There are 4 protein chains.
Amino acid sequence: MRKLRVGIMGCTGLVGQQFIKMLSNHPYFEISCLTASSNSEGKKYNEVVNWMLKGEIPNIVKNLIIEKTSIETFIKNNIKIVFSALPSSVAKDIEIELRNNGLYIFSNASAHRMNEEIPIIIPEINPEHFELAEKQKNKYGGFVITNSNCTTSGFVMALKPILNLKLKSAIITTYQSISGAGRKGIPAMSIFGNVIPYIKDEEEKIERETKKILGQLVNGKIKEKEIEVIANCARVPVPFGHLECITLEFEREINESLFIKNLINFKGEPQKLRLPSAPERPIILINEKDRPQPIFDIHTEKGMAVVIGRIRRKNNKISFFLHVNNLVRGAAGTSVLNAEYALKKEIIEN
Amino acid sequence: MRKLRVGIMGCTGLVGQQFIKMLSNHPYFEISCLTASSNSEGKKYNEVVNWMLKGEIPNIVKNLIIEKTSIETFIKNNIKIVFSALPSSVAKDIEIELRNNGLYIFSNASAHRMNEEIPIIIPEINPEHFELAEKQKNKYGGFVITNSNCTTSGFVMALKPILNLKLKSAIITTYQSISGAGRKGIPAMSIFGNVIPYIKDEEEKIERETKKILGQLVNGKIKEKEIEVIANCARVPVPFGHLECITLEFEREINESLFIKNLINFKGEPQKLRLPSAPERPIILINEKDRPQPIFDIHTEKGMAVVIGRIRRKNNKISFFLHVNNLVRGAAGTSVLNAEYALKKEIIEN
Amino acid sequence: MRKLRVGIMGCTGLVGQQFIKMLSNHPYFEISCLTASSNSEGKKYNEVVNWMLKGEIPNIVKNLIIEKTSIETFIKNNIKIVFSALPSSVAKDIEIELRNNGLYIFSNASAHRMNEEIPIIIPEINPEHFELAEKQKNKYGGFVITNSNCTTSGFVMALKPILNLKLKSAIITTYQSISGAGRKGIPAMSIFGNVIPYIKDEEEKIERETKKILGQLVNGKIKEKEIEVIANCARVPVPFGHLECITLEFEREINESLFIKNLINFKGEPQKLRLPSAPERPIILINEKDRPQPIFDIHTEKGMAVVIGRIRRKNNKISFFLHVNNLVRGAAGTSVLNAEYALKKEIIEN
Amino acid sequence: MRKLRVGIMGCTGLVGQQFIKMLSNHPYFEISCLTASSNSEGKKYNEVVNWMLKGEIPNIVKNLIIEKTSIETFIKNNIKIVFSALPSSVAKDIEIELRNNGLYIFSNASAHRMNEEIPIIIPEINPEHFELAEKQKNKYGGFVITNSNCTTSGFVMALKPILNLKLKSAIITTYQSISGAGRKGIPAMSIFGNVIPYIKDEEEKIERETKKILGQLVNGKIKEKEIEVIANCARVPVPFGHLECITLEFEREINESLFIKNLINFKGEPQKLRLPSAPERPIILINEKDRPQPIFDIHTEKGMAVVIGRIRRKNNKISFFLHVNNLVRGAAGTSVLNAEYALKKEIIEN
């Protein structure tokens, strides 16, 4: 298979870096174009990036010249597939413009997640929502596919396998790392030795996105899942990895072994299709009494698996802790997996 | 009023230091005796302590010679009132022995908290449980009064004012500081840039102690409060202060203003009696959208008030964040307040 | 003595907050006017400040309305004495304008430190440089007095008492806290678990300011001290307090006891005059083998003393560690001390 | 080439883990035996280790049963080459006993570093000291070869290339990470937001080891290099990587370009022999104005290169910052490189 040329918008931020790391030696795609804000334009990638990830900057992008984020750039470069790590305010217009010019956008930006025509997809959970990609293609020539908010991606991964156990309500309380706010998002004096129990718009995003992702397609529209979701979000002084404490309430008392079995056995389309970025298992249960922990569990299955531990039942409620790599499964990784799925299923032409 | 001579057992640890700080210039009590483990015995306090609190070591204790933790020590020093910051394993025997020799013990140790004869008291919440102190006095000459686990102390303070609103279930998820594990309790490599979602026995303590504190005295025995309590405890890289995220479930949809009014207006006996260590208000509501935070709220009312913020209602559930100073309100401070109450109410003879 | 009305420019930043803390209950001065950048203008202090210091915002300033930083503001408020915590770029013009209108400026900004007419004063070290204040008054009506860079303030305090021992060269290597860069100066991702061995312009400032402060007045001009100064500056993940490792080279082998005696016995004019903010001793020697440490030594003498430990001699060199409170002795504290000195010595009219 | 069977003593600590990581897929050696303290004996490696390094525990050791640290263990396992990550107090006797039974010990322990018969070797710097290995073999059948203290390893790497420029004195001031004290060495409360300017015996080790490593063999004995070394050591809240600030004094003013050229061009025997663990260049110069930094430079050349930046000259002195990976180049990595060198040069029989 000839590799498909892809572009990355917003290539210098943390998520942009993660896109580069995952796509720099990819069996389906080759990075052919990088864009960033105007003060990086015209410069080599390794001159402007403040590389924060483990390992070196991939050689393949070191000398790539950063270009303007525009439709002309991608046309000139003969690129149809674009990954977006743009800030939401910038993504808003350009992603739509690119789509309307026939491009396929896999976006980590939140701008269009709640747009009725645009799905939020985690391919282990709701691959059937790709129907909306087809609908966009028919209407606009291209499409925008988003992945969810970083915290949501771990949360819904745990909900999906046990939804059928008559889940009534889900409470999620988070310990989110500072990388989630971007490279310069949080001043050191604010978070040092501290917890900040507030992340702008985060709780709303988790509640809404969860209902949309778990929703059903009815007559080509997503009908949101009816479920009570309560999110309480806090930032902790941890550089990478989001920990989540989740308490689920079921309609009646629940069998703990069954609950666990559902989690362990869970596999989705990416596993069946053996997509390159798919973890062998999207959910890993860990038995140690004090896990998951960000420093130990961040790289499990290259960051594509969520790690769950400390499952405890009381009456009709089950509590547990879950770890999700916020930059991989929670951002770039799911976007890449979406693109792999779209290609394999020929939603994107080879 | 002549000041009463008091002793402090376990004076070198973090809670011991907090006892010293609160008692060194106290209107009712004067520190007359300090005890610690055998390797500190016979040495001056300022030679052995690794003082971790803000401000200097009080002059009054600097040159006090540390004595052996024994009944003889207190008899010799003519002391009837003893504050205990002993490790639980050490507290177990000595606290009972002292009680049985007619001493009054105000203990932060967990050893006897679940003992039927011994109450856990937070005087804003369950001062009526001092009846058990009287019963012990009659039977043994002295008594042991405990204060609760650090996390519980904040939690029950929030529950008490709204119990009458038909509370059904309470879920608490914690962000606990490393000082809660003592001065050397957690290796830096374990917690650095990390969250540890496990604290030995903590969740069980919170669940049991909450039910006992909120329980009613029936025929001289505490009948535990029937309420579902689910605790999820985690350690975060914060030096001082415990943050708690609490979600309460009520039997039916609840009026948020009423809930808030109950919290704001809450006052207890210590406030009415104007006890020296009583905060003007035991619960402070804070309106800033990103509070409470440990670094800002740790010293509110000298660490004796819990600070609550981000109250949000969804259906019959209310979520909020609460901060408690784990060394003051969560430990030494409540013990001192218990002693003040006991003296004022003449449970201790002047 | 009637208190003199003073203003504080740049009142919301960390140094501005420290000025407020030190001046809010001062025997000579009363805070009568606060200024800040235009987006704070017209608002109450406690509505705009993000108070980062221990203790509450002083009541006296809570409801003060923040005004524009301008000559009109101070004239209208009948204020002659102004403390400046302005950013250097803003301080540049306004401080000169105020001086030329007859005001007395005590500035922590670096803008004019190397101006020939304006002295950098630490009153324990070079109070004789106040002669330049008199010269400015004669020429312009007012004056600008600066205090040194935060790191320099600790460094020169150690050099002054031993200069006469034939000091040849001084090497200073620093461990500077993040508060030195201001409240939002350093992103958490940059400093978390890291050391940054570079602080813009800092090494140059230390070298130049040291020579100026230790210089002699010759015919009304400061002749810089001839001494080799090598500064190596690094930022460490510590919130408050700068640690400095200093190695001094003397012309010949040196007597360690004499060196120590000089440090211990050192007192300056502020001590003799018993100025309100003067520490009893500006230099404290500490014998513990692992001190000074920021978390323990930050509040020594209310932050006005530098703490020195681990003095070791090898041949003609002496090495030691020194701690300086970067916001107090290293910033606002020395400025306040300068004002106290100026008033006591009638350089400012009462 | 058949792989040689090797053992690792002290396999569960941080350095032991690093040995395992480097030897688990090594072209010359295969891990055939692991030993640890008695409470790990008889258990599988992955059941007892608290793996702290990036990446998974190598499969090859996961199920290895940990054995007793004794001569019998190695004889039974037919092992002649042993890597030691033992605590110094344990290493003292067992390493000598193993040597006297004909084994070849490559030790990271400090116990025997200053023993006259035993060299400290960094093969880029003093491979000629392997002559002492031959002498030990003749006398005892086996040998002990040590690598230096972690901080020293970076320091001497910078000194070696410029020794011939008439170096007179070297001052090293350190920012050492907490992993240097082992997995449980430093309580979180002690180092959190703090700097501890004292590391037991560290300064003495740096001074002595430097002189020995740079010494010359004269009649089969090491004559220590005469050079003034002043070390000032401090611990900072950084998990991995030691930063060092080094100021060198030369006999006369020095040519900065020549100095830099010497550093850049430096290569040693490991580079010429293309040993498997040898970095392409042992010293990397970095031009960014704010580097080296632990979080960015820790993995350079897999942790085997030291990274130098911010070179500045003043008169006859040159200052710069240097980063060394304390667990790789500063510990296990140099030991492995020593073994590779010994094998290649047939000091160990194939």
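Both backbone and side-chain heavy atoms feed into the values below; hydrogens, waters and symmetry mates do not. First the proteins, then the strands, lettered A, B, ... as listed; each starts at 1. Keep in mind that this is a model prediction, so the values were computed, not measured.
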Revision key, fill the gap. Among residues 237-244 of chain A, those lying within the under-4.5 Å heavy-atom range of chain B are A:Pro237, A:Val238, A:Pro239, A:Leu243

Revision key, fill the gap. For B:Phe321 and A:Cys233, the nearest pair of non-hydrogen atoms, with its separation, is CZ-O, 4.1 Å

Check your understanding: Among side-chain atoms of A:Asn232 and B:Arg312, is any donor-acceptor pair under 3.5 angstrom?
Key -> yes

Practice item. For atom CD of B:Gln216, decide whether the heavy atoms of other residues, nucleotides or ligands shown that lie under 6.0 angstrom number more than 12. Key: no

Review point. If you round to the nearest 0.5 Å, how far is CZ of B:Phe296 from CG of A:Asn194?
Key: 6.5 Å

Review point. When heavy-atom pairs shorter than 4.5 Å are enumerated against chain A, which of B:Val236, B:Ile196, B:Asn315, B:Ile199 gives the highest number?
Key: B:Ile196

Practice item. Sort by residue number and list every member of residues 285-294 of chain A having a non-hydrogen atom under 4.5 Å from chain B. Key: A:Lys289, A:Asp290, A:Arg291, A:Pro292, A:Gln293, A:Pro294

Point to revise | Shortest non-hydrogen separation from B:Val229 to A:Lys314 and the atoms involved | key: O-NZ, 3.2 Å

Point to revise | Residues in residues 202-210 of chain B near chain A [non-hydrogen atoms, under 4.5 Å] | key: B:Glu203, B:Glu207

Check your understanding: chain B: which of A:Val195, A:Ile171, A:Ile298 shares the most heavy-atom pairs with it under 4.5 Å?
Key -> A:Val195

**Study point:** Closest non-hydrogen atom pair between B:Thr174 and A:Tyr175, with its separation
**Key:** O-OH, 2.6 Å

Point to revise | Separation of A:Thr247 OG1 from B:Ile172 CD1 (nearest 0.5 Å) | key: 11.5 Å

Exercise for review: Heavy-atom distances under 4.5 Å only: say whether A:Lys317 touches chain B with side chain, backbone, both or neither.
Suggested key: side chain

Exercise for review: Could you list all the salt bridge (charged side-chain N to carboxylate O under 4.0 Å, His left out) pairs where at least one residue sits in residues 152-172 of chain B, not counting sequence neighbours?
Suggested key: B:Lys168-B:Glu249

